[in-house]
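Heads up: the structure comes next, in structure tokens.
Lettering of chains follows the sequences in order, A, B, ..., and the numbering in each one begins at 1.
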Amino acid sequence: MIRMRFAPSPTGMLHVGNARTALFNWLWARKNNGKFILRIEDTDMERSKSKWEKAILDDLRWLGLDWDEGPDIGGDYGRYRQSERLDLYHEYASQLVKDDLAYPCYCTPEELGQKRKEQLSRKQPLKYDGYCSQLTNRGRNLFKAQGRKPTLRFRVDGDKLCFKDLVKGEMEFVLGNLGDFIIMRSDGWPTYNLAAVIDDSLMEITHIIRGDDHLSNTPKQILLYKALKLYAPVFVHIPLICDMHNKPLSKRYWYSSIVQYRQEGYLPEALVNYLALLGWSPKNGREIMGIDELIDSFALEDISGSAAVFDIKKATWVNSEYIKKLKPDDLMSACMPYLKSADEYAQSLTELEPEQLKNMLAAIAPGLKTLKDVSNEAVPYLIDSIEGILDTQSPSFSEKDIEVLKAFNEKLVSADIFRAEDLKIILKQLKKETGASGRGLYLPIRLGITGEPHGPELFELLPLLGKKGCIERLKQTFNWLDSNAAKV
RNA sequence: GUCCCCAUCGUCUAGUUUGGCUUAGGACACCGCCCUUUCAAGGCGGCGACACCGGUUCAAAUCCGGUUGGGGACGCCA
């Protein structure tokens, strides 16, 4: 049974990088009919907040990355918050002390900082000098008498350590430049390395897919697995995601946290699709892939070894592809929240007849990059009054344009029915009578009816507005022109 | 300072394991054309890369060494 995990620390929003890590783990679990476990690594009491845990869970759900075991639903492998597993860490840590594989260290953070500074200025490798590893009982008692609370350090022993990483290949680390490291804090809480090792082993995690910033932690962890006689998982270190300056993605950019994508109108399936393409690509070269296809073609051997730059333009393109594929009903319900939270124009759309709104949205869908665009794209075509738009857009009409508009208005008034075919005939006649064609014909009509120079196909739009709607809008435009004579 | 990772178009990448099939393929972006008697959408096309130096070889993007560049780790963060 393949058991994968995602183990975020609740110290902030779910980021794009973490989301991709979660996704890869999830994909591998689902592909192998394995389990996907969510574990909260909240051993940093200072920074961990339950509101962040909640936010992360929300984002994962939104992305569609569901878990089989986790803090909210439990599971057969015990508690899923590290803060609730303290007894386990103590148990294993005291075992290490008993075996003399770990020892109490009384150095204070200040002293350690000082030592580090000196090593740096002497251009020496940065590592713990092992001072407390030599401590006699008397020395220990002396520190205790001072009221110092010790940390626990793991004794690093041996000359080198090898392991295989599924992406990076055979790894070899020289242990000589690794100092004894802290596994238990002076306040009795474990550090990341200890807690993660114990949990991954007890939870029988088979593969760990994580960012390659953890690559140099891995030797420490393997040392711990060995010392604790615990089973170690397979390591898969994936490259980081960078911004356009080639720095690991930071919160500096709005698009680095997942929650932003909800607000900006990205579809979760689209984001998942794009994220999957960052550092991985399928053998067949396909790019737009639904979740099932993603699961089907995902393979660890196709993960790239080099860092990827997050390209918001491509992410947006993927999103627009997904919007185009939406069925009218789904499109409408997907757009609704964005219409409701937009300005009053957009809100008035939500009161339209569902059928009419659906048709309108379908007409503008091909031009949407994000769902949020819907308010900008749709409003000008759907509201009854375009006076506000005319005031803000202030389109300019030539004399010829106005002539065309007036002629168009007359044709409309005398038109029997008004469908796309009727419109075509009307325009044909208009062209003949006014001599206007192409841009000279279409643009004034678009402006006169919508106030905007861009928008969906007129042949779809105008029939939806209806004869009455078009005439009403033209009337508004004529009025606007009269009161803005200077602009004509 | 020490250790580790990475290096193909502006970006994501294919090709690298098993050297020739590659005038290095695809996608985004950009540009142009076509379609639609408009914009967008759509179709077609263009631009555009093997970081550098050496070695091995009949042959190297592909193997080896070095250089440079970028990133990571060295924390009582994860």
Side-chain angles (χ1 to χ4, degrees), chain A residues 7-9 11 41-44 46-48 105 107-109 112-113 116 119-128 149-153 165 167-169 171-174 176-179 181-187 189-193 195-196 210-220 237 239-240 242 244 246-248 274 277-281 283-288 301-302 304-318 320 324 364-368 377 424 427-428 430-431 436-447 452-459:
Chain A
S9 66
T11 55
E41 307 218 322
D42 54 355
T43 53
D44 183 343
E46 300 273 299
R47 297 192 299 151
S48 295
C105 170
C107 300
T108 64
L112 293 170
R116 221 170 278 131
Q119 287 170 342
L120 207 59
S121 67
R122 278 194 245 121
K123 296 191 186 297
Q124 288 175 333
L126 261 34
K127 64 174 216 184
Y128 181 59
K149 290 256 182 285
T151 62
L152 236 43
R153 277 189 193 269
D165 182 276
V167 171
K168 307 288 183 180
M171 304 292 306
E172 181 184 307
F173 283 83
V174 180
N177 38 49
L178 198 69
F181 56 91
I182 294 176
I183 53 176
M184 199 64 91
R185 290 183 252 247
S186 54
D187 63 6
W189 285 60
T191 60
Y192 162 70
N193 284 123
R210 63 176 18 165
D212 68 10
D213 50 338
H214 284 290
L215 200 52
S216 41
N217 275 323
T218 311
K220 295 181 192 172
H237 286 97
L240 267 18
C242 299
M244 65 270 258
N246 246 292
K247 303 282 177 201
Y274 177 68
L277 258 17
L278 246 30
W280 171 78
S281 64
K283 277 270 182 289
N284 59 20
R286 282 173 55 82
E287 297 206 293
I288 300 298
E301 59 182 13
D302 295 328
S304 145
S306 54
V309 173
F310 188 94
D311 182 3
I312 186 64
K313 288 226 178 104
K314 185 148 183 175
T316 304
W317 170 74
V318 172
S320 71
K324 278 174 211 155
I364 65 164
L368 292 180
E377 296 283 322
K424 278 186 183 158
L427 286 178
K428 221 169 206 168
L430 260 187
K431 183 186 175 189
S437 70
R439 200 182 169 79
L441 176 66
Y442 274 68
L443 194 59
I445 293 178
R446 179 180 290 286
L447 287 173
E452 297 263 2
H454 301 284
E457 181 64 57
L458 284 181
F459 290 111

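Residue contacts shown for A:S306 are limited to sugar-phosphate atoms, with no base heavy atom under 4.0 Å away. Among the atoms of the strands shown, none is found under 4.0 Å from any heavy atom of A:I445. Here A:M184 lies out of heavy-atom contact (under 4.0 Å) with every strand. Residue-level contact check: A:V174 touches neither bases nor backbone, having no heavy atom under 4.0 Å from any strand. Residue A:K123 is in sugar-phosphate contact alone, with no base atom involved, counting any heavy-atom pair closer than 4.0 Å across all strands shown. Within 4.0 Å of A:N193, counting heavy atoms only, lies no atom of the nucleic acid at all. Heavy atoms of A:C105 sit nowhere under 4.0 angstrom from any nucleic acid atom. Using a 4.0 Å heavy-atom cutoff across all strands shown, A:E41 reaches sugar-phosphate atoms only and no base atom. Contacts of A:G279 with the nucleic acid, taken as non-hydrogen atoms under 4.0 Å apart, involve only primed sugar atoms and P, OP1 or OP2. Backbone-only contact: A:S281 has heavy atoms under 4.0 Å from sugar-phosphate atoms and none from a base. A:L120 comes within contact range of no nucleotide atom at all, as no heavy-atom separation falls under 4.0 Å. The residue A:G305 sits close only to the backbone: its heavy atoms come under 4.0 Å of sugar-phosphate atoms, none of a base.
Ring planes of A:F310 and A:Y274: perpendicular class, angle over 60° (limits at 30 and 60°).
Rounded to the nearest Å, the gap between the C1' atom of B:rU13 and that of B:rC4 is 25 Å.
In terms of phosphate contacts, A:R122 brings no side-chain nitrogen or oxygen within less than 4.0 Å of OP1 or OP2 of B:rU2. OP1 or OP2 of B:rA78 sits under 4.0 Å from a side-chain N or O of A:T43.
For A:L126, the listed nucleotide lying nearest its side chain is B:rG1; candidates were B:rG1, B:rC12, B:rA78. The side chain of A:D311 approaches B:rC28 more closely than any other nucleotide in the set B:rG15, B:rC28, B:rA78. Comparing B:rA27, B:rA78, B:rU11 against the side chain of A:V309 picks out B:rU11 as the nearest.
Legend: residues meeting salt bridge (Lys or Arg N to Asp or Glu O under 4.0 Å) with A:K324, ordered by chain and number and at least two apart, are A:E321. In terms of the salt bridge (Lys or Arg N to Asp or Glu O under 4.0 Å) criterion, residue partners of A:D212 (sequence neighbours excluded) are, by chain and number, A:K168. Residues forming a salt bridge (Lys or Arg N to Asp or Glu O under 4.0 Å) with A:K123 (at least two apart in sequence, or on another chain): none.
Across all strands shown, B:rA61 has no partner, as no Watson-Crick or G-U wobble contact with both distances under 3.5 Å is found. Within the shown strands, nothing qualifies as a pairing partner of B:rA78 under the Watson-Crick or G-U definition with both distances less than 3.5 Å. Under the Watson-Crick or G-U wobble criterion, with both distances below 3.5 Å, B:rA14 has no partner in any strand shown. The partner of B:rA51 is B:rU67, by the rule that a Watson-Crick or G-U pair needs both atom distances under 3.5 Å. Across the strands present, B:rA24 finds no partner; the criterion is a Watson-Crick or G-U wobble pair with both atom distances under 3.5 angstrom. Base pairing of B:rG32: its partner is B:rC44, meeting the Watson-Crick or G-U wobble criterion (both donor-acceptor distances under 3.5 Å). Pairing of B:rU38, defined by two Watson-Crick or G-U wobble distances under 3.5 Å, is not identified with any nucleotide.
Across the protein-nucleic acid pair, A:K168 atom NZ and B:rU17 atom C1' stand 17 Å apart, rounded to whole Å. At whole-Å resolution of the value, CG in A:D302 and C1' in B:rU17 are 13 Å apart. Rounding to whole angstrom units, CZ of residue A:R446 and C1' of B:rC39 are separated by 6 Å. Atom CD in A:E287 sits roughly 4 Å away from atom C1' in B:rA27 (whole-Å rounding). Rounded to a whole Å, the CG atom of A:L277 is 7 Å from the C1' atom of B:rC12. For the pair A:N284 CG and B:rG26 P, the computed distance is 16 Å after rounding to whole Å. Rounded to an integer number of Å, the gap from NZ of A:K127 to P of B:rG1 is 18 Å.
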Write down the protein N/O and nucleotide N/O pairs, taken from nucleotides 61-72 of chain B, whose separation is under 3.5 Å; answer none if there are no such pairs.
{"unit_1": "B:rG71", "atom_1": "OP1", "unit_2": "A:K247", "atom_2": "NZ", "d": "2.1"}

Can you pull every protein N or O that's under 3.5 Å from an N or O on nucleotides 40-43 of chain B?
{"unit_1": "B:rA41", "atom_1": "O3'", "unit_2": "A:K324", "atom_2": "NZ", "d": "3.4"}
{"unit_1": "B:rG42", "atom_1": "OP1", "unit_2": "A:K324", "atom_2": "NZ", "d": "2.9"}

Between protein and nucleotides 48-53 of chain B, what N or O pairs are separated by less than 3.5 Å?
none

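Contact between A:T43 and A:A195 at its shortest, heavy atoms only, is CG2-CB, 4.5 Å.
For A:T191 against B:rC76, a side-chain-to-base donor-acceptor contact under 3.5 Å is absent.
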